[in-house]
Amino acid sequence: MINRRDLLKLTAAGGALAALPLERGVASLVSEGPAPSRPFTAAMPVPAVLTPAARTTAADVYRVRMSEISTEIIPGLHTTVRTYGGRFPAPTIRAARGRPVIVHQANGLGVGTSVHLHGGHVAPEHDGHPMDVLAPGASRAYHYPNDQPAAALWYHDHAHLLESENVYRGLHAAYLISDLAERSLGLPAGRYEVPLQIRDARIEADGTLTYTRAQDRPHILVNGRERPFFRVEARRYRLRIYNFSVDRLLRLQLADGTTVTQVGTDGGLLPAPVPLTELRMSSGERADVVVDFGRYRPGTSVVLQNANALPTENADVMRFDVVAATGPDQSRVPDRLVELPPVPPATVQRDFVLRFDRPTLKYVINDQLYDPDRVDVRTRRGTSEIWTITNADTPAPPPNFHLNHNFHTHLAQFRVLDRNGVPVGPAEAGLKDVVLVAPGDTVRIALTWTTYTGRYVVHCHQLPHSGEAQMATVEILP
Ligand SMILES: [Cu+2]
């Protein structure tokens, strides 16, 4: 089976370099190393919450312009990034269940874009289809009904062939839906509910952001700053954690082994809290977690680490600096959170095999490259299905990140039934829209196509994979 070293040999010998956009960065790595950075020197910003341009009787209306800006990801270095709204980290949109949102997106960049509301239950013309591209200078309105439970969604680029680099260069932002059930629980809220948007990057000594292979991206950013520190009061916090990396698998742990409580996943809250000492998150996944910093004495610090860092990489992600609480902590984590919808019996079964295709040097689904004119799956609205997803690549030692695949469905939240025949743990059994499918693994998911008809995509969310070909079209008929 092919590993990364073979692949490099292959591309050098076969002259197939152009087939692998990520490999083009390699030449530039020889002359200069990445910028050195000292950990925990920058304060972690909390992304701003976007203010509606208008509130009509029908919807909250937002205006966002995509533009390039220069920002300090590493203190003292100026890095150009692509942004939503001219800010990095990009502003969060906060929506309420049942209250529609309209986002007018204007493309002020020099490249095409398509805005996908990841995890959103939206009509196909507003889903940010890869071929529905907004040219430079163009603008359009996206309509989001928010007819779904409270969840941590995100909006990110999805323009075909450009999505991976566009997301890497900064086109990623949070979109949080809340609802009454969530608000009645008493989870930490307000300034005690904080997003952690984690991703890797490679920043050169002159501040340039280089788009290259995962193993050559040593910098870890949280909310747009490299390994920042964040001051927390000695009390409970609700952390809305996102893996915004284009293709890095994170295994997050507090360095002292403290247990955290997961209360939600991609598509919303879990039925009951799940205590964990490690969060495994592939690209695009979200974890809703409560951490009780009240267990620490003020003046203590605790580092969040990535146990999946390469031996050559720094495992530190960020540092929490605990200070005295300003008042009593009235938040709580109830034993029961929400009722999940039942899983209807499936009438259709389908198989999907994800693998690297040696002849084309591309990643494929069921031996096929993505063709926007081809329909891969035809189904009907209301159909419940079970999908068996297999990663046919074999395990390889680090730094072969690329042999991990995961799977993302647009429109539908699914339930993960089992992995290699073993039911998944309680945190992964919630509402999901991305599931990790590691080399050799087979994962089964259950999903139902509701509300909308039309064409959507499903794909690997390792974006360098989907951005080339590891994507398929589902057409939902009435
Ligand atoms: Cu993949």
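Just so you know, ligand 1 is whichever comes first in the structure, and atom 1 is the first atom listed for that ligand.
Checking R217, R248, R202 one by one against E313, the salt bridge (charged side-chain N to carboxylate O under 4.0 Å, His left out) holds for a single residue, R248.
The two residues R380 and W449 come nearest to each other via the heavy atoms O-CB, 4.3 Å.
No side-chain N or O of H172 forms a donor-acceptor pair with one of R82 less than 3.5 Å apart.
Rounded to 10°, the angle that ND1 of H465 and OE1 of Q470 form at the Cu ion (ligand 1) is 100°.
Among heteroatoms of the N, O or S kind in H405, ND1 lies nearest the Cu ion (ligand 1).
For the atom pair M44 CE and L221 CG, the distance stands at 12.0 Å (nearest 0.5 Å).
Taking 2.8 Å as the threshold, C460 counts as a candidate ligand of the Cu ion (ligand 1), since one of its N, O or S atoms lies below it.
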